[in-house]
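Shown next, in structure tokens, is the structure this report addresses.
In what follows, every heavy atom counts, from backbone to side chain, and hydrogens, waters and symmetry copies are set aside.
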Amino acid sequence: MKKVYGSAAEALDGLLFDGMTIAAGGFGLSGIPENLIAAIRDAGTKDLTIASNNCGVDDFGLGVLLQTKQVKKMISSYVGENAEFMRQYLSNELELEFNPQGTLAERMRAGGCGIPGFYTKTGVGTRIAEGKEHKDFDGQTYILERAIVADLAIVKAWKADTTGNLVFRKTARNFNPDAAMCGKVCVCEVEEIVEPGELDGDAIHLPGVFVHRLVQGRFEKRIEKRTTRAA
């Protein structure tokens with residue numbers, strides 16, 4: 001089965017529709033699928049629900065989809081340095097479902113493993129728990145969190161072989177494997193594609209069974225914030 005495509009737009013062909021749910025990998029601006037995000041912007045797909053740790057910055061990453069008003073709802077753990085994200089939320093232009101980072105990652109992982117939900121202590125007694133089922137185990141109260149199963153997962157890896165086995169680099173490994181697992185279809189952009197057998201089997205972070213389409217991209221690799229310290 002063909003997995004390697006010539007461009008991000010080709011890799012997304014036939015997968016996008018209005019009102020869909022997308023799981024997006026990356027942590028801050030590290031390891032984000034910037035080429036696929038740009039292709040979704042160019043396609044004009046709207047009323048999107050996006051599950052991602054955050055929404056990039058105003059003019060980069062998922063933030064570009066906020067600028068074009070293509071996002072209806074974010075499932076996130078962090079608003080970050082995105083002023084447009086905050087503005088749309090406070091003006092009721094954007095729905096926001098806040099999740100603690102660990103809960104969000106586990107909701108994605110659970111979706112990829114066929115687990116419909118799980119109980120966690122995180123969020124008990126806060127607004128996170130409102131409207132959710134509560135259950136006591138061994139004298140402790142937990143809340144039920146439902147798994148995320150997305151129509152599409154878009155992720156970014158460092159290397160892949162042509163069968164879709166993936167290797168991530170450093171913080172790009174945060175959220176990307178979990179996001180990839182929970183998509184009914186997963187499209188991954190990578191820096192390098194090699195032939196089967198060229199990747200060390202022990203170094204593979206996500207097996208190709210979870211990855212349906214691949215594209216080799218070109219990357220800007222911005223950083224979200226730079227800090228300095230006086231000597």
message = Assess, by modelled atom type and distance only, whether the side chains of E133 and Y119 contain a donor and an acceptor separated by less than 3.5 Å.
response = yes

Mind checking whether E191 and Q216 have side chains closer than 4.5 Å, heavy atoms only? no

Worksheet item: Looking at F168, does the NZ or CZ of K170 lie under 6.0 angstrom from its six-membered ring centre and within 45 degrees of the ring axis?
Response: no

Could you verify whether a donor N or O on one side chain and an acceptor N or O on the other, from N54 and S76, lie under 3.5 Å apart? no

| query | Looking just at side-chain N and O atoms, do R107 and N99 make a donor-acceptor pair shorter than 3.5 Å? | reply | yes

Quiz prompt | Residue pair N53 / S77, side-chain donor-acceptor N/O under 3.5 Å | solution = yes

message: Any heavy-atom pair between the side chains of L62 and I32 that's under 4.5 Å?
response: no

When every non-hydrogen atom of L36 is compared with those of L12, the smallest separation belongs to O-CD1, 3.7 Å

Quiz item: Below 4.5 Å, heavy atoms only, C-beta onward: do I154 and E189 meet side chain to side chain?
Solution: no

Within the 4.5 Å heavy-atom criterion, are Q67 and D59 side-chain neighbours or not? yes

* To do: If the plane angle is over 60° it's perpendicular, under 30° parallel, otherwise tilted; pick one for Y142 and F137.
  => perpendicular

| query | Should the pair K73-E97 be classified as a salt bridge under the 4.0 Å nitrogen-to-oxygen rule? | reply | yes

- Would a 4.5 Å heavy-atom cut-off, applied to side chains only, mark C186 and V155 as touching? yes

